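Structure record follows, encoded as structure tokens.
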Amino acid sequence: MTPTEIFDAVRRRWLANRPTFEADLLADDVAVEAPFAAPGRPTRIEGKQRVLEYTQASRARFPVRFIDCRNVVVHTTTDPEVIVVEYELVGTHTATGATASAPFIAVLRTRDGRLAHWREYQNTPAIAQAVGQA
């Protein structure tokens with residue numbers, strides 16, 4: 001898969017209320033980074049199994065159902081295995097019904113058709129506000 005195809009698969013998973021990644025999308029040595037992660041959250045997770053476990057647990061406890069992934073802009077690079085994606089996730093809080101959105105930027109690197117590295121820059125204050133933790 002290309003980086004854009006992997007992002008599209010991830011977007012479909014978000015909108016289906018599923019964990020971000022599935023095993024067949026990931027390289028065995030995948031690394032997922034969130035340099036601006038909220039306090040108490042890891043900034044780097046390495047290895048397919050650890051990434052899957054973390055994203056499954058995170059999805060299960062995150063009180064938001066994503067309803068849209070909009071304003072998607074894919075920037076290609078000189079490396080065909082790397083893209084930069086701007087996007088905005090829109091979700092509804094499952095307890096309050098409030099809808100909110102937050103912008104993101106992700107850098108995806110693939111290797112042999114699988115995701116090798118995902119670095120996501122999150123608007124942590126917007127996410128905290130959306131889930132009622134601001």
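All values derive from a computational prediction rather than experimental measurement.
By the 4.5 Å heavy-atom criterion applied to side chains, R59 and N17 are counted as neighbours. Looking at heavy atoms from C-beta onward, M1 lies out of side-chain contact with T110 at the 4.5 angstrom threshold. For the pair P103 and E86, the minimum side-chain heavy-atom distance is 4.5 Å or more. Residues F66 and R13 fail the side-chain proximity criterion, which asks for heavy atoms closer than 4.5 Å.
Looking at every heavy atom in both residues, R11 comes nearest to D8 through NH2-OD1, 2.9 Å. When every heavy atom of P80 is checked against every heavy atom of T78, the shortest pair comes out as CD-O, 3.6 Å. Residues V90 and S101 approach most closely at CG2-CB, 3.8 Å, considering heavy atoms. Across all non-hydrogen atoms, the minimal contact from A27 to A116 is CB-CA, 4.2 Å. Looking at every heavy atom in both residues, T92 comes nearest to G97 through CG2-O, 3.5 Å. The two residues L15 and C69 make their nearest non-hydrogen contact at CD2-N, 4.0 Å.
With hydrophobic clusters built from ILVMFWY side chains whose heavy atoms lie under 4.5 angstrom apart, V82 does not share a cluster with V30. L89 and V74 fall within the same hydrophobic cluster, where Ile, Leu, Val, Met, Phe, Trp and Tyr residues are linked whenever their side-chain heavy atoms come under 4.5 Å apart, directly or through other members. Hydrophobic clustering of Ile, Leu, Val, Met, Phe, Trp and Tyr side chains at less than 4.5 Å, counting indirect connections, keeps I45 apart from Y121. In the hydrophobic cluster analysis, where Ile, Leu, Val, Met, Phe, Trp and Tyr join through side-chain heavy atoms closer than 4.5 angstrom, Y54 is grouped together with V64.
Here T20 contributes atom OG1 and Q56 contributes atom CD; the two are 10.5 Å apart, rounded to the nearest 0.5 Å. Interatomic distance, T2 OG1 to E81 CD, rounded to the nearest 0.5 Å: 10.5 Å. To the nearest 0.5 angstrom, K48 atom NZ is 9.5 Å from L25 atom CG. To the nearest 0.5 Å, atoms CZ (R65) and CH2 (W14) are separated by 15.0 Å.
Taking the six-membered ring where the residue is Trp, F104 and Y87 present parallel rings, their angle staying beneath 30° rather than reaching 60°. Taking the six-membered ring where tryptophan is involved, the planes of F21 and W118 are perpendicular, since the angle between them exceeds 60° and thus also 30°.
Judged by distance alone, the side chain of T94 and the main-chain N or O of P63 form a donor-acceptor pair under 3.5 Å. R44 places no side-chain N or O within donor-acceptor distance of the main-chain N or O of E33, the cut-off being under 3.5 Å.
When the options R114, R109, R111 are evaluated for a salt bridge (charged side-chain N to carboxylate O under 4.0 Å, His left out) with D29, the one that passes is R111. With I105 as the partner, the side chain to side chain contact (heavy atoms under 4.5 Å, CB included) test is satisfied by one option alone out of N123, V84, V85, V73: V84. Only one option out of L52, T55, V32, I6 pairs with L26 in a side chain to side chain contact (heavy atoms under 4.5 Å, CB included); it is L52.
Under a cut-off of 6.0 angstrom, the local environment of CZ in R18 is sparse, with at most 12 non-hydrogen atoms contributed by other residues, nucleotides or ligands.
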